[in-house]
S.K.: 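Attaching a single structure in structure tokens format; questions to follow.
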Amino acid sequence: QYSEKAKVALSVASSYPGGHYLEFGSHDLYTLRNFLAAFDVGNLNSRFPKTKFYGFDIFGSYDSSDNKKYFKEGMVYETKKKYFDDFTHQGDMMPLYNKVLKEFDVFNERTFLIKGFFEDTLKNFELDDKIGFACLDCNIVESYEFVLSWLEDKISDGTYIYFDEYFDGGGVNKAIENFKERVFEKHQIKLFYVRPAASVGALFRCFKI
């Protein structure tokens, strides 16, 4: 999957439409670093010097004082809590991940890690440019649904979108298909399939019809 996701990044970089890179579910940073490297190798900085790179995740810890605020809908409370707790065994990873990005040293000054639940971090997040590539590795249905709802009015002609669980079937696939229908009805934007990755992931590109 590491090789295939690197190829996804290179595929996007080969015809990048400009705009920011947003990644939802950035645990361990390898997908984020793939795209930073692809952007650099493709010499895209000369064409898009203002592109920023954002990674959204809980990054190893979250405020547990109000769990039900996040876990009250959809999945059974304990099941959903267990999912997030699986990513917290090493504690807050922000210091380490910031160190990793500094040592990686590829557009570090324009790369930002946004810590917290999507429901909290996205409500105050403001874009100052279009989205060039949205990478979704949200794993669970509720997270996909929230992020897709946020993206609905923010994608544009040429935007790339990668769904890491597209071919898993079930609720995630249904949420994505519903999203595709909504953006076509509202904006006449259709998502065209580009390529698979890691057996269940899929890359799409948006075009105005």
Side-chain angles (χ1 to χ4, degrees), residues 2-57 59 93-94 97-116 118 120-138 143-144 146-164 179 183 187 189-195 197-198 201-208:
Y2 296 98
S3 173
E4 291 189 21
K5 288 185 178 178
K7 290 175 182 176
V8 165
L10 290 169
S11 294
V12 173
S14 70
S15 53
Y16 197 64
H20 298 322
Y21 171 84
L22 278 64
E23 182 174 309
F24 304 94
S26 296
H27 179 72
D28 75 19
L29 306 184
Y30 82 84
T31 306
L32 174 61
R33 284 178 287 168
N34 273 340
F35 190 69
L36 289 170
F39 196 89
D40 187 33
V41 168
N43 195 31
L44 295 180
N45 193 49
S46 62
R47 294 170 53 204
F48 309 114
K50 296 184 179 179
T51 292
K52 298 173 186 174
F53 310 89
Y54 296 93
F56 297 82
D57 205 293
F59 295 117
M93 300 298 291
M94 285 291 283
Y97 285 169
N98 282 321
K99 182 174 181 289
V100 167
L101 289 176
K102 185 175 180 180
E103 292 175 350
F104 193 61
D105 196 25
V106 180
F107 308 118
N108 188 52
E109 74 284 356
R110 285 187 274 142
T111 303
F112 307 93
L113 302 183
I114 312 297
K115 180 178 173 59
F118 303 141
D120 287 334
T121 55
L122 288 176
K123 65 183 179 184
N124 296 317
F125 180 76
E126 295 185 7
L127 285 166
D128 58 4
D129 197 354
K130 67 181 181 179
I131 298 174
F133 184 18
C135 181
L136 281 68
D137 187 3
C138 306
S143 295
Y144 264 102
F146 184 85
V147 173
L148 290 170
S149 177
W150 185 84
L151 286 171
E152 192 170 309
D153 297 319
K154 297 177 177 67
I155 61 172
S156 58
D157 190 47
T159 300
Y160 281 98
I161 307 181
Y162 173 76
F163 305 107
D164 197 54
F179 166 78
V183 297
H187 307 296
I189 289 176
K190 187 172 181 179
L191 274 69
F192 288 87
Y193 176 74
V194 177
R195 61 170 296 151
L203 177 67
F204 289 82
R205 193 170 190 187
C206 304
F207 286 109
K208 188 89 170 176

S.K.: Would you find a donor on one side and an acceptor on the other, under 3.5 Å apart, between the side chain of Tyr144 and the backbone of Phe163?
M.R.: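 Checking the backbone N and O of Phe163 against the side chain of Tyr144, no donor-acceptor pair under 3.5 Å is found.
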
S.K.: Search all heavy atoms of Val183 against all heavy atoms of Glu152 and return the closest pair with its distance.
M.R.: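 Reported closest heavy-atom pair: CG1-O, 3.7 Å.
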
S.K.: Do Val194 and Val12 have side chains that approach each other closer than 4.5 Å (heavy atoms only, starting at C-beta)?
M.R.: no

S.K.: Using a strict threshold of under 4.0 Å (side-chain N to carboxylate O), is an ion pair present between Asp164 and Lys5?
M.R.: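 Looking at Lys5 and Asp164, the cut-off is met.
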
S.K.: Under 3.5 Å, side chain of Arg47 to main-chain N/O of Gly18, donor-acceptor pair present?
M.R.: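 Not confirmed, Arg47 side chain does not pair with Gly18 backbone.
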
S.K.: For Tyr21, enumerate each residue passing the ring pair (Phe, Tyr, Trp, His ring centres under 6.0 Å) test, keeping only those at least two apart in sequence or located in another chain.
M.R.: Phe35, Phe133

S.K.: What distance do Ser149 atom OG and Phe179 atom CZ have between them, rounded to the nearest 0.5 Å?
M.R.: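 Going from the OG atom of Ser149 to the CZ atom of Phe179 covers 9.5 Å.
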
S.K.: Using the ring of each side chain (for Trp, its six-membered ring), is Tyr16 parallel, tilted or perpendicular to Phe39, with breaks at 30° and 60°?
M.R.: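 The arrangement is perpendicular - the two ring planes meet at more than 60°.
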
S.K.: Indicate the atoms forming the closest heavy-atom contact of Asn34 with Ala6, along with that distance.
M.R.: ND2-N, 3.6 Å

S.K.: May I have the step-by-step check of side-chain hydrogen bond (donor to acceptor under 3.5 Å, both in side chains) for Ser11 and Tyr160, ending in yes or no?
M.R.: CA-CA 10 Å; Ser11 294; Tyr160 281 98; over 6 Å; no

S.K.: Partners of Phe59 by ring pair (Phe, Tyr, Trp, His ring centres under 6.0 Å), sequence neighbours excluded?
M.R.: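 Partners of Phe59 by the ring pair (Phe, Tyr, Trp, His ring centres under 6.0 Å) criterion, ordered by chain and then number, come out as Tyr97.
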
S.K.: Would you compute the distance between atom OG1 of Thr121 and atom CG of Asp57 and round it to the nearest 0.5 angstrom?
M.R.: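 Here the rounded value is 9.5 Å.
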
S.K.: Kindly indicate whether the side chain of Glu23, heavy atoms from C-beta on, has any atom under 4.5 Å from the side chain of Asp137.
M.R.: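 No; the side chains remain at least 4.5 Å from each other.
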
S.K.: Ignoring hydrogens and geometry, is there a side-chain-to-backbone donor-acceptor pair from Lys208 to His187 under 3.5 Å?
M.R.: yes

S.K.: To the nearest 0.5 Å, what is the distance between CG (Leu148) and SG (Cys138)?
M.R.: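 Interatomic distance, Leu148 CG to Cys138 SG, rounded to 0.5 Å: 7.0 Å.
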
S.K.: Taking the side chain as every heavy atom from C-beta outward, state whether Lys50 and Asp129 have any pair of such atoms under 4.5 Å apart.
M.R.: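 SC-SC contact between Lys50 and Asp129 ruled out.
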
S.K.: Are the side chain of Asn98 and the backbone N or O of Met94 linked by a donor-acceptor pair below 3.5 Å?
M.R.: yes

S.K.: Any heavy-atom pair between the side chains of Phe118 and Trp150 that's under 4.5 Å?
M.R.: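 The answer is no, as the side chains (C-beta and beyond) never meet within the 4.5 Å cut-off.
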
S.K.: Provide the closest heavy-atom pair for Phe24 versus Ala134 in the form atom of the first, atom of the second, distance.
M.R.: CE1-CB, 4.5 Å

S.K.: On a heavy-atom basis, which atom in Phe107 and which in Leu36 lie closest, and how many Å separate them?
M.R.: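 Scanning both residues, the minimum pair turns out to be CE1-O, 3.8 Å.
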
S.K.: To the nearest 0.5 angstrom, please state how far the CZ atom of Phe204 sits from the CD1 atom of Ile161.
M.R.: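 Between Phe204 CZ and Ile161 CD1, I get 9.0 Å after rounding to 0.5 Å.
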
S.K.: Quick one: CG on Leu136 to OH on Tyr162, what's the gap to the nearest 0.5 Å?
M.R.: 10.5 Å

S.K.: Between the main-chain N or O of Thr51 and the side-chain N or O of Arg110, is there a donor-acceptor pair closer than 3.5 Å?
M.R.: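 Yes.
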
S.K.: To the nearest 0.5 Å, what is the distance between NZ (Lys7) and CG (Leu203)?
M.R.: 14.0 Å

S.K.: Side chain of Thr159, backbone of Cys206: donor and acceptor closer than 3.5 Å?
M.R.: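 Such a contact is absent between Thr159 side chain and Cys206 backbone.
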
S.K.: The test is side-chain contact (heavy atoms from CB on, under 4.5 Å); show your working for Phe104 and Leu29 and say whether it passes.
M.R.: CA-CA 11 Å; Phe104 193 61; Leu29 306 184; over 6 Å; no

S.K.: Tell me if a side-chain donor or acceptor on Arg205 pairs with a main-chain N or O of Phe192 at a distance below 3.5 Å.
M.R.: no

S.K.: Would you name the heavy atoms of Ala197 and Val8 that are closest together and state the gap between them?
M.R.: CB-CG2, 3.5 Å

S.K.: Examine distances only and state if a side-chain atom of Lys130 and a backbone atom of Pro17 form a donor-acceptor pair shorter than 3.5 Å.
M.R.: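 Yes, the answer is positive, given that a donor and an acceptor are paired below the 3.5 Å cut-off.
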
